[in-house]
S.K.: 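Here you go, one structure.
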Amino acid sequence: MRNVVIATAAVAALVLVGPAAAQAPIVLKFSHVVAPDTPKGKGAEKFKELGEKYTNGKVKIEVYHNSSLYKDKEELEALQLGAVQMLAPSNSKFGPIGVKEFEVYDLPFILPNKNAVRRVNDGKLGQRLLKLLEPKGMIGLAYWDNGFKLMSANKPLREPEDFKGLKFRIQSSKVLDMQMRALGALPQIMAFSEVYQALQTGVVDGQENTPSNMYTQKMHEVQKYTTLSDHGYIGYVVVTNKKFWDDLPADIRTQLTKAMTEATKYSNEISEKENSEALAEMKKSGKTEFITLTAAQKTAWKKALQPVYEDAAKRVTKSLIDEFEKEVQGAATN
Ligand code: LMR
């Protein structure tokens, strides 16, 4: 009798599991390190909304903001292992997995404005760089903008000499390391989620980031001075695990690609506004004093940072830097 009951239960379970399993949605985890209220956070939410809609719920997109799943370096390893299916790390973070070419974006003052960013990303060079990710088990689906960086510390940063001996948090990019050393500062690689506390406790003296990242992490509350330097740019590559993407049913992949195209347009359209609003909020708070560089000070920064180009050529190659600069010049004359 007992056996009959067990067998009946097993058959019932099979009957239930069959159709339920067929309907189980494909789960796509999208992990990232910044706040929901940023260009990247909003872009990820837009992709979730559109991706679930276009696939009629056949794909469930779970967005994990604020490093709630993985921190900087861990998230790329997790993507390669297939523990997470989508990320949008900054260009600066691909070095540790062996794709150092994206560090060309970190060269100081290489990108003068958003037009130039668009031109490089959408052109031949940007598309060729994405291909470098495939041997690493990932596919680059899109470029998402954040914006231009501010430099902050507890002392005013006006002249290159002001950086001397200060410890600065940087992302995991050798070119950013070179940049800080050229200014006489001591760079320290640190995960984004740890920056606020490190600034608060004095583990580092300063940092560089976009207004939206500074504001949403409250960094301005623990930095007395912020220089409006626009010395560098932070943008992202949306990446997916190659095996996951290749194994998707073709119709689903088409719909997710459509969702990504639209989410990319949306995120890139709001990025400037998000950053200028964050800057306005920080100004309003009065917690950090903003410094505008004079033309002479900006020239001095550029001069101090020029040697970074020669150093970086050894890492990303001179021909890549030249090609990048050529694309940028094309944007200026367009
Ligand atoms: C950083 O680590 O400062 C940035 O890459 C964070 C981000 O994703 O914008």
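We're numbering straight along the sequence, starting at 1. Atoms within a ligand are numbered from 1 in the order they appear, just like the ligands themselves. What you see is a predicted model; the values in this text were computed from it and never measured. Excluded from the calculations below are hydrogen atoms, water molecules and symmetry mates; all remaining heavy atoms, backbone and side chain alike, are included.
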S.K.: Can Arg169 be said to touch ligand 1, with heavy atoms closer than 4.0 Å?
M.R.: yes

S.K.: Which atoms of ligand 1 have any heavy atom of Ser90 under 4.0 Å away?
M.R.: 5 (O)

S.K.: Return yes when atom CD of Gln197 has more than 12 non-hydrogen atoms of other residues, nucleotides or ligands closer than 6.0 Å, and no otherwise.
M.R.: no

S.K.: Relative to ligand 1, is Thr210 under 4.0 angstrom through side chain, backbone, both or neither, heavy atoms considered?
M.R.: neither

S.K.: Should Glu323 and Arg128 count as an ion pair when the cut-off is N to O under 4.0 Å?
M.R.: yes

S.K.: Is the closest heavy atom of His32 to ligand 1 under 4.0 Å?
M.R.: no

S.K.: Say whether Lys93 and ligand 1 are in contact under the criterion: heavy-atom distance to a ligand atom below 4.0 Å.
M.R.: yes

S.K.: Any salt bridge linking Lys46 with Glu49? Criterion: basic side-chain nitrogen under 4.0 Å from a carboxylate oxygen.
M.R.: yes

S.K.: Output the list of atoms in ligand 1 that are nearer than 4.0 Å to some heavy atom of Asn209, sorted by atom number.
M.R.: 1 (C), 3 (O)

S.K.: Looking only at protein heavy atoms, identify the closest one to atom 7 (C) of ligand 1 and say how far it is in Å.
M.R.: Val34 CG1, 3.3 Å

S.K.: Tell me which protein heavy atom sits closest to atom 9 (O) of ligand 1, plus the residue, atom name and distance to 0.1 Å.
M.R.: Tyr236 OH, 2.4 Å

S.K.: For atom 8 (O) of ligand 1, which protein heavy atom lies nearest, and how many Å away is it?
M.R.: Lys40 NZ, 2.6 Å

S.K.: Could you walk me through whether Phe290 and Tyr225 satisfy the ring pair (Phe, Tyr, Trp, His ring centres under 6.0 Å) test, starting with their C-alpha distance in whole Å, then the side-chain angles of each, then the deciding distance to 0.1 Å, before giving a yes or no?
M.R.: CA-CA 6 Å; Phe290 282 92; Tyr225 299 94; over 10 Å; no

S.K.: Please list the nearest protein heavy atom to atom 4 (C) of ligand 1 with its residue and the distance rounded to 0.1 Å.
M.R.: Gln171 OE1, 3.5 Å

S.K.: Check this for me, if you would: do Lys100 and Glu103 make a salt bridge, where the nitrogen-to-carboxylate-oxygen distance has to be below 4.0 angstrom?
M.R.: no

S.K.: So that I know where these two stand, are Tyr64 and His32 an aromatic pair - ring centroids less than 6.0 Å apart?
M.R.: no

S.K.: Would you say Lys155 has more than 12 foreign heavy atoms packed within less than 6.0 Å of its NZ?
M.R.: yes

